[in-house]
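The structure appears below as structure tokens.
Letters A, B, ... are given to chains in the order of the sequence lines, protein chains preceding strands, and every chain is numbered from 1.
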Amino acid sequence: MSKELAKQYNPAKSEDRLYQFWEGSGFFTAKCDESKTPYTIVIPPPNITGQLHMGHALDNTLQDILVRWRRMQGYDTLWLPGTDHAAISTEVKVVEALAKEGLNKADLGRDKFLERVWDWKRIHGRRIVEQLKKLGSSCDWSRERFTMDAGCSKAVVEVFNKLYEKGLLYRGERIINWCPHCKTTLSDAEVEYTEHDGHFWYLRYPLKDGTGWLELATTRPETMLGDTAVAVHPEDERYAHLVGKTVLLPLVGREIPIVADEYVERGFGTGIVKITPAHDPNDFEVGRRHNLPIINVMNDDGTMNGEAGEYAGTDRYDCRKKIVSALEEQGFLVKVEDMKHNIGSHDRCRAVVEPMVSLQWFVKMGPLAQPAINLVKNGKTKFVPERFSKVYYHWLENIRDWCVSRQIWWGHRIPAWYCNDCGGITVSRGTPSACQHCGRTNIKQDEDTLDTWFSSALWPFSTLGWPDNTPEFAQYYPTSTLVTGYDIIFFWVVRMMFSAAEYTGREPFNTVFIHGIVRDAQGRKMSKSLGNGIDPLEEIAKYGADALRITLATGNSPGNDMRYSEEKVSASRNFANKLWNAARFVLMHLGNETLPDGMPEELALEDKWILTRLNTLTREVTDNLEKFELGLAVQKLYDFIWDELCDWYIELAKIRLNAGGKAKTDTLCVLCFTLSAAVRLLHPFMPFITEEIWQALPHDGETIMLAPFPVFNAELDFSAAEAEMARLMEAVRALRSRRAEMNVPPGKRAKLYIQTEQYETFTRGVEFLQKLAGVSDVVWDEAPPANAVQVVTADAVLFIPLDDLVDLDAERARLGKELEQAQKILAGVNAKLGNVEFTSRAPMHVVRHQRDTAATLEQKILLLNESLAKL
RNA sequence: GGACGUUUAGCUCAGUUGGUAGAGCAUUCGCUUGACGUGCGAAGGGUCAGCGGUUCAAGUCCGUUAACGUCCACCA
């Protein structure tokens, strides 16, 4: 901030310069100092394919607030940044880019393709990092990581081996979710279910012995090609005689058994279910119980395969139509009903997911879930808000094995080798030269890669050096706080928790601070398809990063969604400007003056008041931050700076600043002290403008980032002065209000006659009344002229003679109304005080407060009555 | 089917361990007030979704109903 200050704060002039100053000076760099208490946040790594959106802006603003706050408090603070390789997203992007050049994956081959992805990553993967900097994120970029860098990859291989050795990782044929578009498996978490209009086809399967047929219903008739049984409930008397018999599968002619299984719901449909073990998770289980063959009828692209006979090669939906009409022609279709049906689709590409049997790698979840549950049950990790722990428990208690292999190339290649001779599997940390079972060298590595979340699950410790015992791991693990949206609890938080419990034996973080999502002004989710997304960078360019940050931090309670509207950012920008001008005011008066150290020996009433208010603010903001109530903290800072500091203290300070001399110097001391403290309290929320102002004020140290966060100071706490000031403020407000009601021109100054027992207070306040309430002179204990407007406060009657402006009847009516109001409130208070239940049971301070209120009201009523009598 | 969230001023939302309801924006009136019109002063506007309960006292705690929303499960 130069001495030539612009009337308006221009963030564009400051932000990039300050960020470079901070980063270049190494202020973001964690010192790994064992003598200090660590505070650690590991960033939720954004995808290298991503661009900064409002969700990131919110998430990273919250993290930066916490980190900057703790850093100022003197913690050894580390905010570790990094990016995620985002397996499927990235692969899809690169495939699309290749397509524009007329190339495809298969033509290039695995190695060439991966080279292209790495190239793409080098070019585009840094974009999101640069965008995070625009927001002011104080990440330790010297420790930036990537989920596929050497360290993270080492952790992945280590974990894969450990799990395999422990029997928690197995390769087997199970039902998985298959995306026919991306041609890969998906985990359960990646499938989204939405309701669609569908049909329920009732089919007729003839009994082999020719004695009749069975009627059953299906929503996916094409899967009948893979039917290997028909099932009924074991206790269903209607069908008991059929169990053990055989039916002939229509169109196919395959002989399939009728089995009894409890999975069948007697009351649903006809009570008979066709069993397709290869294409339905429940049917798969039935198939296992009854040793049924598994016939997969589909290819990896969603077309039918050779098992589908004449339908081979047709798309699954074409096949459905053909099957239905064939069934109808041949008399196997009984009827069709409309029904609502939930269909799963891939959350990335929206393609309808096909349940399918496939040979894949799975993580056995049962043994891993319980320790993760315990971490939260035992309070090692806390959710904020607490209610999300319920969601967490529910998910872990019902979790199924995690399919971790993916049929794409971009990612961590599965460290398993298959022997072409003996068929054995060799899982290894390095590249094995021979099969560990038969010793022969005819081995080949698995072509698949791991689910992108496999490496993200290790992020809180792999980024700190694990599995090596690095100084960083020793100092910063477990991390302190994880900040993330509720939409990612299942994908990520759960997996980090069980991974950390298993490999590090500890919780990955002490607190999971959950926030909601940022919606548009109409409350809709921001999305590409709706085109309602708002680019945070455009908002930063327009209003400044500080304005965007406090907009996102304010008026939003933990775990709840918020609506974004530009009006809010503009209001925040106005606040920044207000603060800027307060600083400009102080600096203008400070000029080249050097202030003495410490506080003036004698503090004026208003000094004591603002210092006490500052103390309260300090205590409350710190308290709010500790409880993750960031929105409340911002609100209090906003109110203090705008209302108390600017609208009251600075206005009053003008009196002594203009008086000059010692009064001026003393006032400047308090002003600089207060502003410096306010700006430090605000720094975590609005880092740029606060640095700019702090630098311009008298200060110690290089940067506000490392300046001490204010603490409560008992020596500067004056509750009596605070109360006295409150009485004067009440008088000022009352006078202003009366003048406005009476349409007194603001320029018109009037004498003020005061009748009060609080003589000292009002004597001290004379100048306040003159400065703020349009008073010319104060007259004590003298009968005011008859044509005076009266203002009755709790402890004084103030008369403003306004000559012809006063209408006595109106005055009488107004005072009468005030009297009535006061009596009404007093009646309520007295009723309470007269109630023994209240006086005996309510806490002392509450009762005292009520007595004080009653006394004040009685006094006011007395004064009002006197005034009325004189009119 | 299960779980959770929301319901407070015209709009968007805060409201900490129960103690007489707040902000921003919008509205109305007034203002060259020597930091700021991105500003200053003043004003209007709320039976805190409904019902019941606990309590001396409920926006706040418990129960219940309704509307809206989210997540989980997925009966073929």
Does [X] make a side-chain N or O approach to OP1 or OP2 of [N] shorter than 4.0 Å?
{"X": "Arg563(A)", "N": "C13(B)", "answer": "yes"}
{"X": "Ser557(A)", "N": "A14(B)", "answer": "yes"}
{"X": "His589(A)", "N": "G34(B)", "answer": "no"}

Is the [atom1] atom of [X] crowded by more than 12 outside heavy atoms at less than 6.0 Å?
{"X": "Lys382(A)", "atom1": "NZ", "result": "no"}
{"X": "Glu741(A)", "atom1": "CD", "result": "yes"}
{"X": "Glu593(A)", "atom1": "CD", "result": "yes"}

So, do [X] and [Y] sit near enough that their side-chain heavy atoms are less than 4.5 Å apart?
{"X": "Asp347(A)", "Y": "Val191(A)", "value": "no"}
{"X": "Arg736(A)", "Y": "Val732(A)", "value": "yes"}
{"X": "Ile550(A)", "Y": "Asp546(A)", "value": "no"}

Where each residue is assigned the nucleotide of RNA chain B containing its nearest heavy atom, which of Phe585(A) and Lys525(A) is assigned the position nearer the 5′ end?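 The residue whose closest nucleotide sits nearer the 5' end is Phe585(A).
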
Assuming nearest nucleotide by heavy-atom distance, tell me which of Pro558(A) and Arg841(A) is located more 5' along RNA chain B.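 First, find each residue's nearest nucleotide; the 5'-ward one identifies Pro558(A).
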
Using Watson-Crick or G-U wobble geometry with both distances under 3.5 Å, which nucleotide pairs with [N]?
{"N": "A67(B)", "result": "U6(B)"}
{"N": "U54(B)", "result": "none"}
{"N": "A23(B)", "result": "U12(B)"}
{"N": "G39(B)", "result": "C31(B)"}
{"N": "G59(B)", "result": "none"}
{"N": "U17(B)", "result": "none"}
{"N": "C48(B)", "result": "none"}
{"N": "A76(B)", "result": "none"}

Roughly how many Å is it from [atom1] in [X] to [atom2] in [N], rounded to a whole number?
{"X": "Asp561(A)", "N": "U7(B)", "atom1": "CG", "atom2": "P", "answer": "13 Å"}
{"X": "Glu195(A)", "N": "A73(B)", "atom1": "CD", "atom2": "C1'", "answer": "14 Å"}
{"X": "Phe575(A)", "N": "A35(B)", "atom1": "CZ", "atom2": "P", "answer": "19 Å"}
{"X": "Glu192(A)", "N": "A73(B)", "atom1": "CD", "atom2": "P", "answer": "12 Å"}
{"X": "Leu579(A)", "N": "C36(B)", "atom1": "CG", "atom2": "C1'", "answer": "11 Å"}
{"X": "Asp520(A)", "N": "C13(B)", "atom1": "CG", "atom2": "P", "answer": "11 Å"}
{"X": "Met562(A)", "N": "A14(B)", "atom1": "CE", "atom2": "P", "answer": "9 Å"}
{"X": "His845(A)", "N": "A57(B)", "atom1": "NE2", "atom2": "C1'", "answer": "12 Å"}

Just to be sure I understand the rule, does [X] reach a base, reach only the sugar-phosphate, or reach nothing, if contact means heavy atoms closer than 4.0 Å?
{"X": "Thr219(A)", "answer": "sugar-phosphate"}
{"X": "Glu741(A)", "answer": "nothing"}
{"X": "Arg736(A)", "answer": "sugar-phosphate"}
{"X": "Ile650(A)", "answer": "base"}
{"X": "Lys636(A)", "answer": "base"}
{"X": "Leu772(A)", "answer": "nothing"}

Could you list, one pair per line, each protein nitrogen or oxygen that sits under 3.5 Å from a nitrogen or oxygen of nucleotides 22-29 of chain B, together with the distance?
from: A23(B); atom 1: O2'; to: Gln635(A); atom 2: NE2; distance (Å): 3.3

Between [options], which nucleotide has the shortest distance from any of its atoms to the side chain of [X]?
{"X": "Phe268(A)", "options": "U16(B), C75(B), G37(B)", "result": "C75(B)"}
{"X": "Asn581(A)", "options": "A42(B), A76(B), C36(B)", "result": "C36(B)"}
{"X": "Arg519(A)", "options": "U38(B), C56(B), U70(B)", "result": "U70(B)"}
{"X": "Pro843(A)", "options": "U16(B), G19(B), A42(B)", "result": "G19(B)"}
{"X": "Phe490(A)", "options": "U70(B), A14(B), C72(B)", "result": "C72(B)"}

Tell whether [X] reaches the base of [N] with its side chain through a donor-acceptor pair below 3.5 angstrom.
{"X": "Lys578(A)", "N": "C36(B)", "result": "yes"}
{"X": "Glu629(A)", "N": "A14(B)", "result": "no"}
{"X": "Asn342(A)", "N": "C74(B)", "result": "yes"}
{"X": "Asn624(A)", "N": "U16(B)", "result": "yes"}

I'd like the [atom1] distance from [M] over to [N], given in whole Å.
{"N": "A9(B)", "M": "G18(B)", "atom1": "C1'", "answer": "23 Å"}
{"N": "U16(B)", "M": "A21(B)", "atom1": "C1'", "answer": "15 Å"}
{"N": "U17(B)", "M": "C13(B)", "atom1": "P", "answer": "23 Å"}
{"N": "G15(B)", "M": "G24(B)", "atom1": "C1'", "answer": "15 Å"}
{"N": "G45(B)", "M": "A66(B)", "atom1": "C1'", "answer": "27 Å"}
{"N": "U7(B)", "M": "U12(B)", "atom1": "P", "answer": "12 Å"}
{"N": "G50(B)", "M": "U6(B)", "atom1": "C1'", "answer": "16 Å"}
{"N": "C48(B)", "M": "A43(B)", "atom1": "P", "answer": "24 Å"}

Students often mix this up, so state it plainly: with edges at 30° and 60°, are the rings of [X] and [Y] parallel, tilted or perpendicular?
{"X": "Phe388(A)", "Y": "Tyr486(A)", "value": "parallel"}
{"X": "Tyr202(A)", "Y": "Phe200(A)", "value": "perpendicular"}
{"X": "Phe383(A)", "Y": "Tyr392(A)", "value": "tilted"}

Supply the atom-to-atom distance Ile272(A) CD1 to His233(A) NE2, rounded to the nearest 0.5 angstrom.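 Between atom CD1 of Ile272(A) and atom NE2 of His233(A) there are 13.5 Å.
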
Which pairs, protein N/O on one side and nucleotides 1-5 of chain B N/O on the other, fall under 3.5 Å?
from: A3(B); atom 1: O3'; to: Lys390(A); atom 2: NZ; distance (Å): 3.3
from: C4(B); atom 1: OP1; to: Lys390(A); atom 2: NZ; distance (Å): 2.6

Walk me through it: do Glu644(A) and Lys636(A) pass the test salt bridge (charged side-chain N to carboxylate O under 4.0 Å, His left out)? CA-CA 11 Å; Glu644(A) 301 190 308; Lys636(A) 283 170 188 165; over 6 Å; no

Show your working on side chain to side chain donor-acceptor pair (under 3.5 Å) between Asp261(A) and His290(A) and close with a plain yes or no. CA-CA 9 Å; Asp261(A) 196 284; His290(A) 299 275; 2.8 Å; yes

